[in-house]
Amino acid sequence: TGTTRPQRLLRAVQERATRGDSESVIAAIDHFCRHQEWAMNVGDEKGFILDSVVSEVSPQTALELGTYCGYSTVRIARLLPPGGHLITLEFNPNYAAVARQVIAWAGLEDMVQVVEGASGDWIPHLREHFGIESFDFVFLDHWKELYLPDIKLLEECGLLRKGTVLLADNVVCPGTPDYLEYVRKSQSYESHYFGSHLEYTRAEDGLEKSVYLG
Ligand SMILES: Cc1ncnc2c1ncn2[C@@H]1O[C@H](/C=C/CNC(=O)c2cc(-c3ccc(F)cc3)cc(O)c2O)C[C@H]1O
Ligand SMILES: [Mg+2]
């Protein structure tokens, strides 16, 4: 019973990154994943695209599905405007525990709420629990077969508004075919594919940006 990969990733952050410096936390995780152990973070190449979309939207309210170790959580939270807030859902308590410490090491704990539990259980309660009217930005990076059911649930719960931007990781690898077909065919979305590569590899992958039209 040694350590888990997320725990080794956290140790790499604590050993290599400077407390309060989110850029150094991102760099420490990328270094760990490139030179020690691959992990399923969005990574630096797709992360650059994520950064540009978050900066463009400048969300007051943001939602992330699938925190894992908190890498994309830090990438998003460091770019939020004053008053901006990110809710990130993670149902594995071990991952949530690591993510909270990564987020704290980056000094971003005041902008982020790590919520433990399944997205399908939590989405219907976000309004009453967190006083959220609607989300300006949603990052999807959890189980790939849940992307579609979860955005339909977000629609039904009235948590998307005209202009809400959805950004989905892994639409090529591992792939999210039913989600892609839906957002590209639906009259309610304007979609665009950003081609890139699977984190820390040369394999093809990309992000799909979909604007909700109401
Ligand atoms: C329903 C629900 N609610 C809350 N959190 C949820 C949830 N379902 C999963 N989660 C959490 O999200 C995280 C799961 C993410 C799933 N991501 C993946 O499976 C994933 C896999 C790969 C990949 C690609 C090629 C390969 F050869 C091998 C792997 C790359 C990625 O970027 C990924 O995000 C952790 C999990 O606890
Ligand atoms: Mg991913």
Side-chain angles (χ1 to χ4, degrees), residues 4-10 26 29-30 32-34 36-51 53-54 62-77 86-103 112-126 129-130 132 135 137-157 159 166-180 183 193-210:
T4 64
R5 179 168 304 180
Q7 286 169 331
R8 294 192 292 274
L9 180 150
L10 171 60
I26 292 165
I29 295 173
D30 285 330
F32 174 80
C33 292
R34 215 175 264 290
Q36 258 102 352
E37 304 180 55
W38 187 92
M40 59 182 176
N41 314 119
V42 73
D44 47 355
E45 190 180 311
K46 288 187 288 178
F48 184 77
I49 300 166
L50 170 62
D51 289 358
V53 174
V54 172
L63 174 68
E64 176 180 57
L65 304 180
T67 317
Y68 189 43
C69 295
Y71 174 87
S72 48
T73 320
V74 167
R75 290 201 80 112
I76 296 165
L86 170 62
I87 292 175
T88 181
L89 306 184
E90 174 53 61
F91 76 16
N92 181 314
N94 301 314
Y95 295 163
V98 164
R100 287 195 176 92
Q101 295 174 82
V102 167
I103 294 156
V112 178
Q113 185 105 32
V114 178
V115 177
E116 255 176 77
S119 50
D121 297 339
W122 265 102
I123 286 170
H125 301 290
L126 292 176
H129 223 88
F130 298 101
I132 299 277
F135 287 106
F137 177 76
V138 182
F139 183 56
L140 297 96
D141 195 19
H142 61 337
W143 277 351
K144 308 314 162 193
E145 66 275 7
L146 296 179
Y147 283 21
L148 182 52
D150 279 353
I151 66 159
K152 287 184 170 175
L153 187 55
L154 285 165
E155 288 175 25
E156 285 155 26
C157 296
L159 287 166
L166 308 180
L167 191 65
D169 189 25
N170 310 117
V171 296
V172 170
C173 176
T176 61
D178 59 345
Y179 172 83
L180 268 192
V183 291
Y193 174 68
F194 291 87
S196 183
H197 296 91
L198 176 68
E199 49 267 29
Y200 317 115
T201 78
R202 305 158 75 94
E204 185 189 354
D205 190 19
L207 302 170
E208 186 85 358
K209 174 190 172 188
S210 306

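Note that the structure is a prediction, hence the values are computed from the model and not measured. Every number for a ligand or one of its atoms is a count from 1 in the order of the listing. Excluded from the calculations below are hydrogen atoms, water molecules and symmetry mates; all remaining heavy atoms, backbone and side chain alike, are included.
Taking 4.5 Å as the limit, every side-chain heavy atom of L159 sits out of range of all side-chain heavy atoms of V138. At a threshold of 4.5 Å between non-hydrogen side-chain atoms, the residues E208 and L180 count as touching. Contact check for C69 versus I29: no side-chain heavy atoms found under the 4.5 Å cut-off.
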task: Show your reasoning for whether side-chain contact (heavy atoms from CB on, under 4.5 Å) applies to E64 and L86.
output: CA-CA 7 Å; E64 176 180 57; L86 170 62; 4.1 Å; yes
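Less than 4.0 angstrom separates some heavy atom of G117 from each of these atoms of ligand 1: 3 (N), 4 (C). In the vicinity of G66, heavy-atom distances shorter than 4.0 Å reach the ligand 1 atoms 12 (O). Near L89, meaning under 4.0 Å from one of its heavy atoms, ligand 1 places the atoms 4 (C), 5 (N). Taking every non-hydrogen atom of A118 and a distance limit under 4.0 Å, the qualifying atoms of ligand 1 come out as 3 (N). Within the listing of ligand 1, atoms 30 (C), 31 (C), 32 (O) sit less than 4.0 angstrom from a heavy atom of E199. Near D169, with a cut-off below 4.0 Å to any heavy atom, the atoms of ligand 1 are 32 (O). Within the listing of ligand 1, atoms 35 (C), 37 (O) sit less than 4.0 angstrom from a heavy atom of Y95. Near L146, meaning under 4.0 Å from any of its heavy atoms, are these atoms of ligand 1: 1 (C).
Counting only distance, with no hydrogens or angles, the side chain of N41 and the backbone of Y71 share no donor-acceptor pair below 3.5 Å. Within the 3.5 Å criterion, the main-chain N or O of V171 finds no donor-acceptor partner in the side chain of Y179. Side chain of E204 to backbone of H197: no donor-acceptor contact under 3.5 angstrom is found. Using modelled atom types, one side-chain atom of Y147 and one backbone atom of L140 make a donor-acceptor pair closer than 3.5 Å. Not one N or O on the side chain of D205 forms a donor-acceptor pair closer than 3.5 Å with the backbone of S196. Side chain of Q36 to backbone of C33: no donor-acceptor contact under 3.5 angstrom is found. Checking side-chain atoms of K144 against main-chain N and O of H142 turns up a donor-acceptor pair under 3.5 Å. Judged by distance alone, with hydrogens and angles left aside, the side-chain atoms of T4 form a donor-acceptor pair with the main-chain N or O of Q7 at under 3.5 Å.
Relative to atom 13 (C) of ligand 1, the option among E145, E116, E90 with the closest non-hydrogen atom is E90. When the heavy atoms of K46, H142, M40 are ranked by distance to atom 10 (N) of ligand 1, first place goes to H142. Considering D141, D121, L65, I123 only, the shortest heavy-atom separation from atom 15 (C) of ligand 1 involves D141.
In this pair, W122 and F130 present their aromatic rings tilted. The plane angle is within the 30 to 60° band.
Judged by the shortest distance from any of its heavy atoms, C173 lies inside the 4.0 Å radius around the atoms of ligand 1. For Y200, the closest heavy-atom approach to ligand 1 does not fall below 4.0 Å.
Scanning the protein heavy atoms around atom 3 (N) of ligand 1, the nearest turns out to be S119 N, 3.0 Å. Summary of contacts: the protein heavy atom closest to atom 24 (C) of ligand 1 is L198 CD1, 3.6 Å. The closest protein non-hydrogen atom to atom 5 (N) of ligand 1 is F91 N, 3.2 Å. In this structure, the protein non-hydrogen atom closest to atom 29 (C) of ligand 1 is W38 CH2, 3.7 Å.
Residues W38 and F32 keep their aromatic ring centres 6.0 Å or farther apart.
At under 3.5 Å, a nitrogen or oxygen of K144, whether backbone or side chain, sits near a nitrogen or oxygen of ligand 1. Residue-to-ligand polar distances place N170 within reach of ligand 1: an N/O pair is separated by less than 3.5 Å. Residue contacts with ligand 1: P174 is placed with no nitrogen or oxygen under 3.5 Å of a nitrogen or oxygen of the ligand (distance criterion only). For the pair D150 and ligand 1, the shortest N or O to N or O distance does not fall below 3.5 Å. Considering both main-chain and side-chain atoms, N41 never comes within under 3.5 Å of ligand 1 through any nitrogen or oxygen pair.
Comment: E116 engages R100 in a salt bridge, judged by a side-chain N to carboxylate O separation of less than 4.0 angstrom.
At least one N/O/S atom of D169, from backbone or side chain, sits under 2.8 Å from the Mg ion (ligand 2). Not one N/O/S atom of S72, from backbone or side chain, sits under 2.8 Å from the Mg ion (ligand 2).
Using a 4.0 Å threshold on non-hydrogen atoms, atom 26 (C) of ligand 1 does not count as touching the protein.
When all heavy atoms of T67 and A99 are compared, the pair lying nearest together is CG2-CB, 3.5 Å.
The name of the N, O or S atom in D141 nearest to the Mg ion (ligand 2) is OD1.
At a heavy-atom cutoff of 4.0 Å, ligand 1 is contacted by no atom of W122, backbone or side chain. Looking at T67 against ligand 1, nothing comes within 4.0 Å, counting heavy atoms.
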